[in-house]
Amino acid sequence: MRADELGAINQYVVVSGQVSSYSFVEKTVDCPAGERLISGGAFWDPALGTSADMAISESYRLDEDTWKVAGTNDSNHIGRLRGYAYCLA
């Protein structure tokens with residue numbers, strides 16, 4: 001298959017909301033029906049501040065169309081975890 005034969009790659013994002021100090025959070029990101037998961041990832045959103053004590057503990061394909069992310073905020077700051085999925089249309 002050539003690159004010009006592929007469909008569009010769409011990015012979908014899930015945001016955890018505020019994660020309080022010394023907390024664990026997990027979220028999933030789904031591709032819409034008809035799209036295929038090809039990759040994903042996670043990061044701590046720097047808008048609320050980041051710290052070496054904010055860690056990504058999980059970031060992986062959960063099933064055919066779902067990416068799972070999880071993280072621990074072991075800092076004294078409020079954080080926000082973002083997970084994303086890249087889906088082939």
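In this text the structure is predicted, and so the values were computed from the model without any measurement.
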Minimal non-hydrogen separation, R82 against V13, with atom names: NH1-CG1, 4.2 Å
T72 OG1 to E58 CD distance, which is reported to the nearest 0.5 Å: 9.0 Å
Verdict with reasoning, D30 to T66, per side-chain hydrogen bond (donor to acceptor under 3.5 Å, both in side chains): CA-CA 4 Å; D30 294 306; T66 306; 2.5 Å; yes
Heavy-atom pair with the smallest gap, counting every atom of R61 and L37: NH2-O, 3.2 Å
Beyond-backbone contact of T28 with L62, side-chain heavy atoms, under 4.5 angstrom: yes
Minimum-distance pair of heavy atoms, taken over all atoms of Y84 and A42: CE2-N, 3.5 Å
Approximate separation, where rounding is to 0.5 Å, of E26 CD and K68 NZ: 4.0 Å
For the student: nearest non-hydrogen atoms of S57 and F24, plus distance: OG-CE1, 3.7 Å
Atom of H77, atom of S21 and distance for their closest heavy-atom approach: N-OG, 3.5 Å
Stepwise side-chain contact (heavy atoms from CB on, under 4.5 Å) check, R80 with V15: CA-CA 7 Å; R80 181 178 291 137; V15 180; 3.1 Å; yes
Working for side-chain hydrogen bond (donor to acceptor under 3.5 Å, both in side chains), residues W67 and S59: CA-CA 7 Å; W67 195 265; S59 181; 3.0 Å; yes
Close side-chain approach of I78 and N73, heavy atoms under 4.5 Å: no
Rounded distance [0.5 Å steps], SG in C87 versus CD1 in I9: 10.0 Å
For Y12, the rest of its hydrophobic cluster, which grows through side-chain links under 4.5 angstrom: V14, V29
Atom pair CG/CD of D65 and E35 - distance to nearest 0.5 Å: 10.0 Å
V69-Y60 co-clustered via ILVMFWY side chain contacts under 4.5 Å: no
side-chain contact (heavy atoms from CB on, under 4.5 Å) assessment of Y22 paired with S75: CA-CA 6 Å; Y22 306 102; S75 75; over 6 Å; no
